[in-house]
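Shown next, in structure tokens, is the structure this report addresses.
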Amino acid sequence: MRPETRELGAALATAMEDTGASVGMVYLLPPDGRALRLAVLSGVPLDIAAPWTRVALDDPIPVAHAVAEQRLVWVGDQEEMARHYPRPGLVLPYRFSLAAVPLSTDAARWGGLVMLWPGDHPPVLSDEETDAVRSGSARMAAVLERAAHAGNPVRPERPPLVVHPHRPVPPPHQAAAAVAFADRLPGGSCALDLDGRITFVTPAAAGLLGVPVARLLGALPWEALPWMDDPVVEDRYRAAVISRETVAFTAVRPPGHRLRFRLHPDATGISVRITPAPASPSDDLAAGGPESSLAATTEAGTTAAGTTEAAGAQAATAEAATAEETAPGRAISSAGAIGRAGALYHLVHLAATLTEAVGVQDVAEQTAEQMTPALGAQSLALLMAEDGRLLLVGQSGCGPELAERLYSVPLTSDVPVVRVLASGAPLFFGDSEELRSTCPGAVPPSARGAWAFLPLIASGRPVGSLVLGYARPRVVSSGERAILISLAGLVAQAMDRARLYDAKHELAHRLQAGLLPHSLPRVPGLDIAARYLPAAVAMGIGGDFYDVIRLGATTAAVTIGDVQGHNVEAAALMGQVRTAVHASAGAPPGEVLARTNRLLMDLDPGLFTSCLYAHLDLAGHRAVIATAGHPPPLCRHPDGTTETLDVPPGLLLGIDSTATYPATELPLAPGTVLALYTDGLVEAPGVDIRDATDELAARLSHLADGAALTMDDVADALVRDARGTVPRNDDIALVLLRIQEDTGA
């Protein structure tokens, strides 16, 4: 682990101490800028945070919004979380408050910080807490900036750094006195760390649980005690860890010993009191039955809001596996064993995530990122059937040897990934030797653990295969098999939808490409560059357009516009508008727009269009510009000053057939740069458009200084800046023109 990462961990611990937060998460933004990655975690085990180790910038998650919009996001309570962020609200149905802030400096956006407070926190963040959160985020951003300037930028590592507060170790005589104190109390006592493992247990507690002390230490309760392998038990542990509130439940140890458990959490672990409970069937945690969730209550005696319903649904699902089946073959994660509640929470989260995933690559990344830790697997590979082969489309933890074996597998091969695709039945192998005896060469020689091969079946059709590899030999119980098959079904349905989306997206992309200019004309005296980027929403197709038309030896026309909408209809109308402008090019700019407007009124498309048209006279060093409701162009003068041109805005095209469009003339001295753009270049959530336009003008002035950069270089830089880390919901079109000295034919 790098020193800078540990420095982030120390800064996080300080921020949590200053604010009283119980959980902290530091996210970093890798150079590709596509998704935030969890780098440092404190206050909860990694298993609970596993669904959010990767957060896409357009995910409906608080930290994504905080980074995208560069603001503090506050979620005051459970109801607000469920209303604004249903995905985490569904997977974490507990009482807590949350703040998310960006980690940024003037130089860059580095990532995000998430902090959680216990369930008894007021629904409003105090001014002192707000200042402490911002101070903590500023310290972390400074660490990241220093590392980047030193040439060693901090990158998220796997697994993330987990920083747990440690309770000071008491002197030996105090430790002995504490043990004696616990032994004298009625009933039994034990302690759990934040990962849920038993770190201390009294002989009386072991007697009540019916298991020797040696077998309990270091184990998870639902691992060492099959009768506690119930989703509600693990759910109560999760509620205590996240809400930091005392919770209680009653469970039955066969053949009928009723025990009452009370969990008292803090920042370092959970203290548990165990006492015999009076016979009262209404309090039983009976093997996941429908009444079991009613026994899980807060210390105040009320059922935790929302948790009982989730736990009841999980318990019903878990009835497929008995406690005896599940205990020996439990999935192992980096944090230890993961119970049925944990696996089912991950299943719910994956299901919610896949409903929002779009393309095949998005589904593959989400599946690999979430299923690997959720199922305790060492490696995961996702393969899709295409053109007579199974192609590797996503993987996590696969070494080079395994990835090479699975990269492209002919459907005629006799290997497990093809067998499950052909038969529709999954295959499970307890260890690699068992797999090699059935199919030599299926996995690398270094592999030792268990394997699961699952068919991906959507609407009765096989679409691919899913491979899970484990670090150690293990027996996959019938309950786990049911969960794995269910997960594979979710992935298959998402993959099938994603393939259809990708096909439509490719069709839309080709349509868009066919409607825009394939190349720009060479115009003596002009250095020209143009860029188009579709929005990050819908099908990646829209109504933005541009065109550069050479009219004569020293004259040219340039146009840019934006048709309302991001769909095929908008693209089709865009093609008609561009064609109409092109056909009228050479006429006075106001007349070009008036003719195009009358055409749109005749077509009656029900969509409005903004458009700007400029006639360039390079020999006369002048331009005449008319606009139909389009953002005015930027002009960088030869002396380096940049301004927004004052062009009278005409009415949008398609509103009034009698509309007129006044024109404005301006000088074009050699060295002048004109920037024509659509509003997608300057519009972003939470950003004032005037400020964004001023920032664009300043950036253009700086980039266009001197002749070191071509207009292509400047265009690339401006679009890259505009994309940044903020998911855009509008198309971007940009045309740059630099007037050169040479205006000869």
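Starting from 1, each residue takes its place in the sequence as its number.
A donor-acceptor contact shorter than 3.5 Å links the side chain of T367 to the backbone of V363. Using modelled atom types, one side-chain atom of T372 and one backbone atom of A368 make a donor-acceptor pair closer than 3.5 Å. With hydrogens and angles disregarded, no donor-acceptor distance shorter than 3.5 Å links the side chain of R54 to the backbone of Q366. Not a single donor-acceptor pair under 3.5 Å links the side chain of D362 to the backbone N or O of G359. Here the side chain of Y677 pairs a donor or acceptor atom with the backbone of P632 at under 3.5 angstrom. For D527 (side chain) and M711 (main-chain N/O), a donor-acceptor pair under 3.5 Å exists by modelled atom type.
Between T559 and F545, the closest side-chain pair of non-hydrogen atoms falls below 4.5 Å. Between V673 and R738, the closest side-chain pair of non-hydrogen atoms falls below 4.5 Å. Under the 4.5 Å side-chain criterion, counting only non-hydrogen atoms from C-beta, V647 is in contact with P633. Between P30 and P156 the shortest side-chain heavy-atom distance falls below 4.5 Å. Two residues are said to be in side-chain contact when any heavy atoms from C-beta on lie closer than 4.5 Å; P670 and H621 meet this criterion. Using a 4.5 Å heavy-atom threshold, the side chains of R87 and D59 count as touching. Between Q493 and S459, the closest side-chain pair of non-hydrogen atoms falls below 4.5 Å.
Here the CG atom belonging to L616 is positioned 8.5 Å from the CG atom belonging to L551, to the nearest 0.5 angstrom. Note that the OG1 atom of T609 and the CG atom of D562 stand 8.0 Å from one another [nearest 0.5 Å]. With values rounded to the nearest 0.5 angstrom, E683 atom CD is found 4.5 Å from I689 atom CD1. Rounding to the nearest 0.5 Å gives a distance of 6.5 Å between CZ of R622 and NE2 of H615. For the atom pair CG (L593) and CZ (R598), the distance works out to 11.0 Å, reported to the nearest 0.5 Å. For the atom pair CG (D617) and CD (E665), the distance works out to 8.5 Å, reported to the nearest 0.5 Å.
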What do the steps show when you test T596 against C611 for side chain to side chain contact (heavy atoms under 4.5 Å, CB included), and what is the final call? CA-CA 10 Å; T596 305; C611 185; over 6 Å; no
Could you walk me through whether I625 and L612 pass the side chain to side chain contact (heavy atoms under 4.5 Å, CB included) check? CA-CA 7 Å; I625 301 175; L612 183 145; 4.0 Å; yes
Could you walk me through whether D731 and T678 pass the side chain to side chain contact (heavy atoms under 4.5 Å, CB included) check? CA-CA 8 Å; D731 311 318; T678 56; 5.6 Å; no
Could you walk me through whether I739 and L526 pass the side chain to side chain contact (heavy atoms under 4.5 Å, CB included) test, one step at a time? CA-CA 5 Å; I739 312 303; L526 274 183; 3.5 Å; yes
Quick one, R595 with E591, criterion salt bridge (charged side-chain N to carboxylate O under 4.0 Å, His left out). Give me CA distance, side-chain angles, the key distance, then yes/no. CA-CA 6 Å; R595 293 177 186 176; E591 182 60 27; 3.2 Å; yes
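For the pair V417 and S465, the tightest heavy-atom approach, listed with the atom from each and the gap, is O-OG, 2.7 Å. Between D496 and A458, the shortest heavy-atom distance links the atoms CB-CB, 3.8 Å. Across all their heavy atoms, Y661 and L651 have their closest contact at CE2-O, 2.9 Å. Between R550 and R522, the shortest heavy-atom distance links the atoms NH1-O, 3.2 Å. Heavy atoms only, all atoms of each residue included: L57 and L29 are closest at CD1-CD1, 4.1 Å. Looking at every heavy atom in both residues, M495 comes nearest to L382 through CE-CD2, 2.9 Å.
For E695, the CD atom is loosely surrounded, since the number of other residues' heavy atoms within 6.0 Å does not exceed 12. Crowding of H702 atom NE2: a count of heavy atoms from other residues, nucleotides or ligands under 6.0 Å not exceeding 12. Residue E643 qualifies as enclosed at atom CD: its count of foreign heavy atoms under 6.0 Å is above 12. Around atom CG of D602, more than 12 heavy atoms belonging to other residues, nucleotides or ligands sit under 6.0 Å away.
The side-chain contact (heavy atoms from CB on, under 4.5 Å) test with R531 is passed by exactly one of I732, L718, V735, D712: D712. Of the residues R109, E145, Q70, the one that meets the side-chain hydrogen bond (donor to acceptor under 3.5 Å, both in side chains) test with S104 is Q70. A side-chain contact (heavy atoms from CB on, under 4.5 Å) with L645 is found for exactly one of L674, L634, T627, T664, namely L674.
Among residues two or more places apart in sequence or in another chain, the ring pair (Phe, Tyr, Trp, His ring centres under 6.0 Å) test is passed with Y546 by none.
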Exercise answer: donor-acceptor pairs, residues 570-586 side-chain atoms, under 3.5 Å, sequence neighbours excluded:
| unit_1 | atom_1 | unit_2 | atom_2 | d |
| --- | --- | --- | --- | --- |
| R578 | NE | D547 | OD2 | 3.3 |
| R578 | NH1 | L515 | O | 2.8 |
| T579 | OG1 | G575 | O | 2.8 |
| H582 | ND1 | D547 | OD2 | 2.8 |
| S584 | OG | A580 | O | 3.3 |

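In summary, the side chains of T641 and D639 do present a donor paired with an acceptor at a separation below 3.5 Å, with no hydrogens or angles considered.
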